[in-house]
Structure formats: C-alpha cells, structure tokens
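Here is the structure we will look at, set down as structure tokens.
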Amino acid sequence: MRVLVTGGAGFLGSHLVDRLLADGHEVIAMDNLITGNADNMAHLAGNRRFLFIHHDVTNYIYIKGALDAILHFASPASPVDYLELPIQTLKVGSLGTHNALGLAWAKGARFLLASTSEVYGDPLVHPQPETYWGHVNQIGPRGVYDEAKRFAEAMTMAYHRTHDVDTRIVRIFNTYGPRMRLHDGRVVPNFVKQAQQGEPLTVYGDGSQTRSFCYVSDLIEGIYRLLLSDETEPVNIGNPTEITIREFAERINAITGNRAGIRYEPLPKDDPKQRQPDISKARRLLEWEPKVALQDGLERTITWFRERMIGD
Ligand code: UDP
C-alpha cells in the first residue's frame with residue numbers, strides 16, 4: 001500500500017509510520033510540527049519508501065500519485081496542548097478532517113480517523129462501550145478537543161454514507177510509551193520527569209480519578225488490525241486495566257525509587273472522573289487485546305525518558 005499518515009511526526013503517528021514501513025508499505029508522513037517532532041522520524045532519513053511533507057492539513061492537501069490509505073492522526077492530543085491551541089485543535093478536527101476525507105474520496109483510499117475516549121466526555125456509563133453517546137461540556141475548556149473529534153467522527157460517517165468512502169474510526173484511550181514529549185503536560189511524562197528529578201509527583205485533585213493506560217505497541221497493533229478489517233463503525237482501542245491517579249503516582253515512585261512522594265494540586269476543569277474502555281468489540285472483531293502489563297510498559301517508558309533526560 002501507499003499510505004498517508006497525517007500527524008506522522010507525532011507520538012502515535014510516528015509509531016504507525018514505523019509499523020507500516022516494517023510491513024513493506026510506502027509511507028508519506030505529513031505534519032506541521034506544532035506538537036509533532038522531527039526527531040521521531042530521524043531514523044528514517046534515507047529510507048526510499050518514506051517521504052515527509054511539512055504541511056498543515058487545515059489547508060488543502062495535495063499528494064501526487066495514488067494513495068491506498070489515509071490515517072488521520074494530526075491533532076494536538078494532550079490537554080495542556082489543546083488548551084493552549086484551542087482554535088487550531090478545532091480547525092484540525094474539522095477543516096483538517098474534511099480535507100483528509102476529500103483526499104480519500106478523490107484517491108479512492110481507505111480512511112482511518114484517530115478519534116478518542118474524550119468523545120465520551122466525563123462519562124456517566126462505566127466502562128465505556130462504543131454505543132455510549134457521551135457526556136461532553138461543549139463550552140468548557142476541554143470541549144475544543146472533544147467536539148473537534150466528535151465532529152470528525154460525524155464528518156467521517158457522512159463521507160462514508162454519502163460518498164461511499166471506506167472509513168474506519170478508532171477511539172483511542174490513554175496511551176503511553178517512548179516518543180511522548182517530555183513537556184506535553186500529560187500525566188506519564190509529568191510523573192516520569194518529576195520522579196527522575198527527585199521531585200514530588202503532582203497529583204491533580206485528590207487522585208481518586210481513574211485512567212486505564214495502554215502501552216503504545218499494543219495500541220498500534222489494534223489500529224493496524226482495525227485498518228485491515230472491514231468494520232466501519234467506531235472501535236475502542238485501549239487497555240482496560242484501570243488505576244486511580246494516586247495509585248499510578250505511587251507505582252511510578254516505587255519503580256523509580258523516588259522518595260519525594262506526592263504533591264496535590266488543583267483538579268483541572270471537567271477532568272473526567274473515571275475512564276475505562278470496554279474492548280469487547282475489539283476482542284470479537286479484531287481478535288485483539290493488550291499484551292503489555294503496566295509494570296513492563298512503565299519500565300520501558302522510564303528507561304526511554306531517562307536516556308533522553310540526560311543533559312536536558
Ligand atoms: N494528572 C495529574 N498530574 C499531572 C498530569 C495529569 O494528576 O501532572 C491527571 C489529570 O488530572 C487526569 C489524569 O492525570 O486526571 C490524566 O491526565 P492526562 O493529561 O494524561 O490525560 P487525560 O486522560 O486527562 O486526557
């Protein structure tokens with residue numbers, strides 16, 4: 001296949017690029033490098049099946065030649081990033097998705113949208129199945145990301161129904177691993193950075209809110225299987241092992257040997273109280289489930305960050 005990955009320099013986009021190249025495909029990565037990082041593609045220099053295009057997908061996208069698939073991963077994805085870039089976040093979810101879908105239609109390419117557990121908002125149903133419509137505060141600060149992705153899903157289904165574009169929608173739950181940005185503000189880089197520096201971990205609120213963390217290699221495998229499947233309705237991909245943020249902080253302090261403990265800070269507005277994917281659909285349709293335990297994934301991630309933090 002010849003595949004376009006928007007957001008191809010980002011955390012997930014770059015891992016997908018690697019996976020596609022490893023499977024023998026030709027890959028074009030497109031990124032405006034606002035939250036993506038060229039370092040994530042440095043190892044691909046000289047690879048004749050890889051091309052990087054520096055472009056903002058909210059503007060018209062031109063690609064010469066045939067395309068078999070478009071994986072639309074461009075978007076700020078960390079709460080800190082999308083709170084700093086609210087309009088760009090809304091634009092990439094709306095205009096960017098429209099442009100990427102238009103390109104898929106023109107090329108006859110399969111289209112896969114990177115959606116999110118944030119479409120469920122602060123969920124009132126637990127765990128969250130794909131059939132849940134969500135509980136989103138559209139005028140709150142997180143609404144820019146949640147509504148952008150909800151719009152992107154609606155636009156994707158409209159292109160599927162109206163123009164018969166062959167579409168896929170993955171709803172991605174919290175994912176961690178190498179290539180997260182140290183300063184992106186999400187809980188994993190924050191805690192790992194603080195632990196490495198011997199500082200207390202900043203738990204927001206009382207830490208009783210929960211998340212379910214998926215190691216990046218598991219997530220990429222699930223997305224790849226979804227791409228190759230024929231399921232056009234949304235599919236949750238994530239790890240259902242749920243943990244409170246306080247326990248998560250204690251776990252990271254234990255692994256790193258950090259004795260500085262925890263410091264409690266205010267909870268951001270509309271921070272979801274609990275989140276856990278219902279992955280029955282992925283299990284059934286894709287024969288997929290996560291394999292990497294939290295302990296192993298965290299150890300790998302901490303090692304990766306440690307190597308990068310030397311001299312930071
Ligand atoms: N969080 C925290 N300390 C931090 C960063 C995040 O306690 O330094 C909490 C945050 O309030 C949320 C959870 O960790 O409850 C996950 O936050 P993240 O920004 O990683 O992603 P989210 O799941 O909220 O999109």
Side-chain angles (χ1 to χ4, degrees), residues 10-12 35 73 75-86 89 93 114-123 126-128 134-137 140-150 170-216 219 236-253 256 258 260-277 294 297-298 301-302 305 309:
F11 166 45
L12 298 181
T35 60
F73 277 69
S75 178
S78 144
V80 169
D81 287 337
Y82 58 72
L83 297 182
E84 272 174 17
L85 302 165
T89 301
S115 185
T116 167
S117 56
E118 282 283 327
V119 301
Y120 304 123
D122 189 359
H126 192 77
Q128 295 79 53
H135 179 233
V136 170
N137 175 8
R142 295 176 86 100
V144 297
Y145 184 65
D146 304 7
E147 292 299 344
K149 290 291 189 181
R150 289 168 68 93
V170 57
R171 291 190 181 145
I172 298 169
F173 284 66
N174 292 69
T175 305
Y176 69 102
R179 300 188 190 163
M180 293 188 95
R181 278 157 48 240
L182 193 58
H183 304 291
D184 88 355
R186 283 191 273 194
V187 68
V188 171
N190 272 10
F191 282 3
V192 172
K193 180 177 60 188
Q194 291 157 351
Q196 294 296 343
Q197 292 170 341
E199 295 168 2
L201 308 197
T202 53
V203 167
Y204 300 159
D206 63 5
S208 63
Q209 72 273 30
T210 68
R211 293 294 185 273
S212 308
F213 295 95
C214 186
Y215 190 66
V216 64
L219 187 94
N236 289 338
I237 299 285
N239 189 320
T241 309
E242 188 179 357
I243 185 170
T244 68
I245 294 302
R246 195 183 328 113
E247 285 167 347
F248 190 60
E250 286 162 359
R251 182 76 79 91
I252 290 182
N253 276 338
T256 55
N258 182 30
I262 287 173
R263 187 173 76 225
Y264 290 92
E265 294 196 352
L267 189 67
K269 186 166 166 46
D270 296 336
D271 196 286
K273 280 181 272 309
Q274 50 179 8
R275 180 182 289 157
Q276 185 200 124
L294 186 60
L298 281 178
T301 306
I302 289 166
F305 272 116
M309 281 180 68

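This is a predicted model, so every value here is computed, not measured. Note that ligands are numbered from 1 as they come in the structure, with each ligand's atoms numbered from 1 the same way.
Of the candidates H126, R171, Q128, R275, R171 is the only one forming a side chain to side chain donor-acceptor pair (under 3.5 Å) with Y120.
In terms of the ring pair (Phe, Tyr, Trp, His ring centres under 6.0 Å) criterion, F191 has no residue partners (sequence neighbours excluded). The salt bridge (Lys or Arg N to Asp or Glu O under 4.0 Å) test applied to E147 returns R150, not counting sequence neighbours. Partners of R263 under the salt bridge (Lys or Arg N to Asp or Glu O under 4.0 Å) rule, at least two apart in sequence or in another chain, are E265.
The pair E118-K149 does not meet the salt-bridge criterion, since no charged nitrogen lies less than 4.0 angstrom from a carboxylate oxygen.
Side-chain contact annotation: Q276 with T210, donor-acceptor N/O pair under 3.5 Å absent.
Protein residues lining ligand 1, listed by chain and number: P79, E118, R142, N174, G185, R186, V187, N190, F191, T202, V203, Y204, Q209, R211, I245, P268, D271, R275 [non-hydrogen atoms, distance under 4.0 Å].
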